[in-house]
Amino acid sequence: MDNNQLFMVRLDTTVQAYDQYTAEDAAVWKTLFERQMTLLPQVASPAYLDGIAAIGFNAHEIPNFKTINARLEALTGWGVVAATGIVDPVDFFPLLADRKFPVVTTLRTMAQLDFVAAPDLFHDALGHLPLLSNQVFCDFFECIGRLGVQYLHHAEAVAKLGCLYWNAVEFGLIQPKGGALKIYGAGILSSYGEIQSALSDQSVYLPFDAHQILNASYNDSHIQDQYFIIESFEQLYQAMDTVEAILAEVAA
């Protein structure tokens, strides 16, 4: 995948058509949610698990954007907007800068439970939204949007933000000093196979370093085998000063 494609999502001009979800959609959400929840309490970061509870995700209700927006607005001032598939950088970065996250409204089918190539509601909602209840993570996320807007027309800078997004947002791990290694990356937490792989002895773990992560390659065609570890979300947010300096040098 080209780094810029990470940010390609078509925005929907309508709101979530909640009453149009089918019995199969409900069954898909229930099946996937229950399967993930057999693993998540043991492997996910406490902040992420707190977010699931704060938003109110459960197996019996497909996420409703109106409810989510009311809860996130009260917690961090963030919200979601409907998308139809894989948001152009021109739309994506301004959304993050405005504290909005695009969520695909459609769900995979029962035949696609284990893998779907494009983002869907399960990945976007269960993977990304719980951490939008955490203020420090939200401040970091907003910084990505702000820098994306600033360097929108500089391909190399956008590519480096793509590396940051992939390795820190989609596939990040967290281990506080003296604490256990946990998962916070959306791409891992929404995938049964990725969870098992990320915490296996087959994985390579690297300490978070802004210079290294902005140049780290990635491949979306298979399960990851290399992960960056942060000590806290404060570390991510504080690293954005370094990220900004790197991008300014690249764009000079």
Side-chain angles (χ1 to χ4, degrees), residues 6-12 14-41 43-45 47-87 91-92 95-96 99-110 112-134 137-138 141 145 165 169-172 183-195:
L6 278 176
F7 307 119
M8 299 292 293
V9 181
R10 296 180 299 278
L11 291 184
D12 200 340
T14 64
V15 297
Q16 179 189 32
Y18 196 81
D19 59 352
Q20 294 183 19
Y21 287 118
T22 65
E24 180 178 2
D25 290 329
V28 166
W29 174 266
K30 182 176 187 293
T31 300
L32 289 173
F33 184 89
E34 290 180 340
R35 183 170 71 171
Q36 291 307 97
M37 291 306 294
T38 64
L39 297 177
L40 292 179
V43 302
S45 74
Y48 172 86
L49 295 173
D50 289 346
I52 288 182
I55 294 174
F57 285 145
N58 63 79
H60 306 292
E61 295 176 296
I62 293 173
N64 186 310
F65 291 4
K66 290 182 179 179
T67 302
I68 291 170
N69 279 334
R71 291 175 178 168
L72 288 180
E73 173 64 31
L75 290 166
T76 59
W78 274 68
V80 302
V81 295
T84 58
I86 293 238
V87 174
D91 295 315
F92 186 78
L95 282 173
L96 293 190
R99 296 180 293 182
K100 299 288 190 299
F101 187 78
V103 175
V104 174
T105 58
T106 55
L107 276 157
R108 66 194 73 181
T109 66
M110 290 297 288
Q112 300 170 313
L113 286 182
D114 292 325
F115 177 78
V116 60
D120 76 331
L121 176 61
F122 185 76
H123 166 78
D124 284 350
L126 194 70
H128 286 282
L129 300 190
L131 280 183
L132 293 187
S133 68
N134 181 279
F137 185 84
C138 284
F141 219 17
Y165 191 92
V169 176
E170 293 286 357
F171 290 94
I183 302 167
Y184 75 89
I188 310 175
L189 293 169
S190 61
S191 167
Y192 195 81
E194 288 280 0
I195 288 176

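Quick caveat: nothing in here was measured; it's all calculated off a predicted structure. Residue numbers count from 1 along this sequence.
- Contact detail for Met37 and Leu40: the closest heavy-atom pair is SD-CD1, 3.7 Å.
- Looking only at distances, no side-chain donor or acceptor of Asp114 sits under 3.5 Å from a matching main-chain atom of Gln112.
- Taking each heavy atom of Glu194 and Gly187 in turn, the nearest pair found is CG-O, 3.8 Å.
- The backbone N or O of Ala27 sits less than 3.5 Å from a side-chain atom of Thr31, completing a donor-acceptor pair.
- Of all heavy-atom pairs between Pro130 and Ala125, the closest is CD-O, 3.3 Å.
- Taking every heavy atom of both residues into account, Leu113 and Arg35 meet most closely at O-NH2, 3.5 Å.
- You'll find the side chain of Thr84 stays beyond 4.5 Å of the side chain of Val104, heavy atoms only.
- To the nearest 0.5 Å, the span separating CD on Gln36 from OG on Ser190 amounts to 7.0 Å.
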Decide side chain to side chain contact (heavy atoms under 4.5 Å, CB included) for His123 and Glu170; before the verdict, give the C-alpha distance in whole Å, the side-chain angles of both, and the deciding distance to 0.1 Å. CA-CA 10 Å; His123 166 78; Glu170 293 286 357; 3.2 Å; yes
Arg108/Leu32 under side chain to side chain contact (heavy atoms under 4.5 Å, CB included): CA gap, chis, key distance, verdict: CA-CA 10 Å; Arg108 66 194 73 181; Leu32 289 173; 3.7 Å; yes
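- Ring centroids of Phe171 and Tyr184 are separated by 6.0 Å or more, keeping the two rings apart.
- Under the 3.5 Å distance criterion, the side-chain polar atoms of Glu24 are matched with a main-chain donor or acceptor of Met110.
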Mind running side chain to side chain contact (heavy atoms under 4.5 Å, CB included) on Leu121 and Thr105 for me, showing each step along the way? CA-CA 5 Å; Leu121 176 61; Thr105 58; over 6 Å; no
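- Between Phe101 and Trp78, the ring centre distance reaches or exceeds 6.0 Å.
- When all heavy atoms of Ser133 and Leu75 are compared, the closest pair comes out as CB-CD1, 3.8 Å.
- Under a 4.0 Å N-O distance rule, the pair Lys100/Asp91 does not qualify as a salt bridge.
- Contact of the Phe65 side chain with the Val103 side chain is registered, since non-hydrogen atoms from C-beta on lie closer than 4.5 Å.
- Residue Leu39 is tested with Leu189, Ile183, Ile195 for a side chain to side chain contact (heavy atoms under 4.5 Å, CB included); the sole match is Ile195.
- Considering CG of Leu132 and CD1 of Ile68, their distance stands at 10.0 Å, rounded to 0.5 Å.
- Between Phe33 and His60, the closest side-chain pair of non-hydrogen atoms is not below 4.5 Å.
- Under the 30°/60° scheme for interplanar angles, the aromatic rings of Phe141 and Phe137 are found to be tilted.
- For Asp50 (side chain) and Ala47 (main-chain N/O), no donor-acceptor pair under 3.5 Å exists by modelled atom type.
- Trp29 places no side-chain N or O within 3.5 Å of a backbone atom of Leu107 that could act as its donor or acceptor partner.
- The nearest pair of heavy atoms linking Pro102 to Ala83 is CB-CB, 4.1 Å.
- A distance of 9.0 Å separates CG in Leu129 from OH in Tyr48, rounded to the nearest 0.5 Å.
- Side chains of Glu61 and Tyr18: no donor on one and acceptor on the other come within 3.5 Å.
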